[in-house]
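Contents: one structure, followed by commentary.
In each ligand, atom 1 is the first atom listed, and ligand 1 is the first ligand listed.
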Amino acid sequence: GVDLGLLPERGRNLILAGAILSILFNPLLFAELDMLQASRDRHRAPEAKPAQLPEEEDAAREPIRPTALANHVVLVGHGRVGGVVSEELAEKKVPLLVIEADDERLAELKAQGIEAIAGNAADPEIIAAANLGAARCLLVAIPDAFEGGQVVEQARALNPKLNIIARAHSEAEVLHLKKHGASVVILGEHEIAHAMVELVSPGGS
Ligand code: AMP
């Protein structure tokens with residue numbers, strides 16, 4: 001702005017001063033907010049239990065039982081994509097372990113007799129229970145490529161030779177997942193396009 005003559009020198013100095021003051025006051029305001037929150041909680045719910053610290057939460061959590069499956073497929077996410085995958089693998093009698101975060105989907109899996117680990121596959125304890133060292137491949141069928149990247153990275157560290165196939169919605173996501181160790185990334189939109197072209201009759205009618 002100053003270079004283009006849109007902002008006077010004085011304006012720049014004021015912005016700079018504002019930024020410095022805001023940086024200085026930020027920690028003080030946050031400390032003040034914490035104290036305010038604590039005193040408000042004390043007044044509102046004197047009988048309430050103190051918030052659980054993350055370590056306490058971890059200690060309270062049920063231990064995750066590792067799977068006894070070997071030469072199995074590990075499928076992360078049992079939604080629109082994972083649901084179709086598991087149906088087709090069941091037809092082929094391929095041993096399957098699903099990692100799923102959603103309670104309703106977990107209940108469906110239980111009803112179908114499919115072995116599942118409950119929780120977020122990006123959680124190191126959850127992914128470690130999937131016996132990836134002995135798995136035939138890992139299918140990351142979740143829509144969030146950022147979380148998918150975390151899952152892929154940890155799986156790759158647990159088994160450097162594992163065939164990891166992941167799901168993406170854009171070229172950027174493909175690159176991201178490959179960078180984190182995916183062997184193959186399936187770009188959904190491309191697959192839809194290929195399937196459409198396959199259905200075009202060569203005769204033109
Ligand atoms: P869809 O987008 O319909 O294929 O559904 C994705 C499925 O993946 C849903 O059932 C989600 O609960 C599940 N999901 C998403 N993220 C995770 C994750 N990090 N760990 C385990 N399951 C997940």
Side-chain angles (χ1 to χ4, degrees), residues 52 54-55 57-58 60-92 94-160 162-196:
Q52 264 193 332
E55 301 97 74
E57 255 174 41
D58 272 357
R61 172 162 109 168
E62 290 256 316
I64 296 144
R65 203 173 334 130
T67 182
L69 288 174
N71 198 25
H72 56 306
V73 170
V74 178
L75 170 65
V76 176
H78 200 263
R80 290 160 300 171
V81 176
V84 177
V85 170
S86 82
E87 239 178 72
E88 297 200 7
L89 291 180
E91 275 170 25
K92 292 182 180 166
V94 175
L96 175 70
L97 171 73
V98 176
I99 304 179
E100 174 55 62
D102 181 78
D103 287 342
E104 261 179 52
R105 298 247 154 96
L106 284 162
E108 287 164 17
L109 287 163
K110 199 171 174 193
Q112 292 170 44
I114 299 173
E115 184 175 335
I117 296 177
N120 186 338
D123 177 336
E125 213 184 323
I126 302 272
I127 194 80
N131 193 16
L132 289 178
R136 69 171 80 174
C137 79
L138 168 69
L139 307 178
V140 183
I142 58 175
D144 181 337
F146 178 72
E147 212 161 44
Q150 293 177 327
V151 177
V152 169
E153 190 173 25
Q154 295 188 58
R156 181 55 70 224
L158 289 167
N159 183 349
L162 185 67
N163 189 18
I164 303 177
I165 300 160
R167 162 186 176 186
H169 297 284
S170 68
E171 295 289 353
E173 290 184 0
V174 172
L175 287 177
H176 178 78
L177 288 157
K178 284 207 168 152
K179 205 175 91 190
H180 283 77
S183 323
V184 179
V185 182
I186 311 287
L187 179 49
E189 280 71 7
H190 279 185
E191 294 310 307
I192 295 170
H194 292 321
M196 284 180 165

- Nearest non-hydrogen protein atom, atom 15 (C) of ligand 1: Ile142 CG2, 3.4 Å

- Item | Arg105/Val98 under side chain to side chain contact (heavy atoms under 4.5 Å, CB included): CA gap, chis, key distance, verdict | CA-CA 10 Å; Arg105 298 247 154 96; Val98 176; over 6 Å; no

- Query: Any idea which protein heavy atom is nearest atom 11 (C) of ligand 1, and the distance to it?
  - Reply: Glu100 OE2, 3.3 Å

- Message: At less than 4.0 angstrom from any non-hydrogen atom of Gly119, what atoms of ligand 1 do you find?
- Response: 20 (N), 21 (C)

- Nearest-0.5 Å distance that lies between atom CG in Leu106 and atom CD1 in Ile114: 11.0 Å

- Query: How long is the gap from CG on Asp144 to NE2 on His169, to the nearest 0.5 Å?
  - Reply: 9.0 Å

- Message: Checking a contact table here: which protein heavy atom is nearest atom 18 (C) of ligand 1, and how many Å away?
- Response: Asn120 OD1, 3.6 Å

- Query: Is Asp144 in contact with ligand 1, taking contact as a heavy-atom separation below 4.0 Å?
  - Reply: no

- With a cut-off of 4.0 Å, which atoms of ligand 1 are near a heavy atom of Asp102? 12 (O)

- Any side-chain heavy-atom pair from Ile126 and Asn120 closer than 4.5 angstrom? no

- Pick whichever of Pro143, Gly148, Gly77 has a heavy atom sitting closest to atom 6 (C) of ligand 1. Pro143

- Note on the structure: Rounded to the nearest 0.5 Å, the CD atom of Glu100 sits from the CD atom of Glu108 at a distance of 9.0 Å

- Per-atom contacts, ligand 1 versus Val81 - under 4.0 Å to a heavy atom: 4 (O)

- What protein heavy atom sits nearest atom 2 (O) of ligand 1, and how far away is it? Arg80 NH2, 2.8 Å

- Message: For Glu173, give me all partners under side-chain hydrogen bond (donor to acceptor under 3.5 Å, both in side chains), at least two apart in sequence or on another chain.
- Response: none

- Task: Could you check atom 9 (C) of ligand 1 against the protein and tell me its nearest heavy-atom contact, residue, atom and distance included?
- Result: Arg105 NH1, 3.2 Å

- In Å and rounded to the nearest 0.5 Å, what is the CD to CD distance from Gln150 to Gln154? 7.5 Å

- Item | Glu108 contact mode with ligand 1 (heavy-atom cut-off under 4.0 Å) | neither

- Query: At the 4.0 Å heavy-atom cut-off, does Gly83 count as touching ligand 1?
  - Reply: no

- Task: Would you mind listing which atoms of ligand 1 come within a distance below 4.0 Å of any non-hydrogen atom of Ile99?
- Result: 21 (C), 22 (N)

- Task: Please check if any side-chain donor atom of His78 sits under 3.5 Å from a side-chain acceptor atom of Ser86, or the reverse.
- Result: yes

- Query: To the nearest 0.1 Å, how far is atom 22 (N) of ligand 1 from its closest protein heavy atom, and which atom is that?
  - Reply: Ala101 N, 3.3 Å

- Message: side chain to side chain contact (heavy atoms under 4.5 Å, CB included), that's the test. Do Ile186 and Val184 meet it? Break it down for me.
- Response: CA-CA 7 Å; Ile186 311 287; Val184 179; 4.1 Å; yes

- Considering only protein heavy atoms, which is closest to atom 20 (N) of ligand 1, and at what distance to one decimal place? Ala121 N, 3.0 Å

- Task: Assess whether side chain to side chain contact (heavy atoms under 4.5 Å, CB included) is satisfied between Leu175 and Glu171, documenting all intermediate values.
- Result: CA-CA 6 Å; Leu175 287 177; Glu171 295 289 353; 5.8 Å; no

- Note on the structure: Ranked by distance from atom 4 (O) of ligand 1, the top protein heavy atom is Arg167 NH1, 2.8 Å

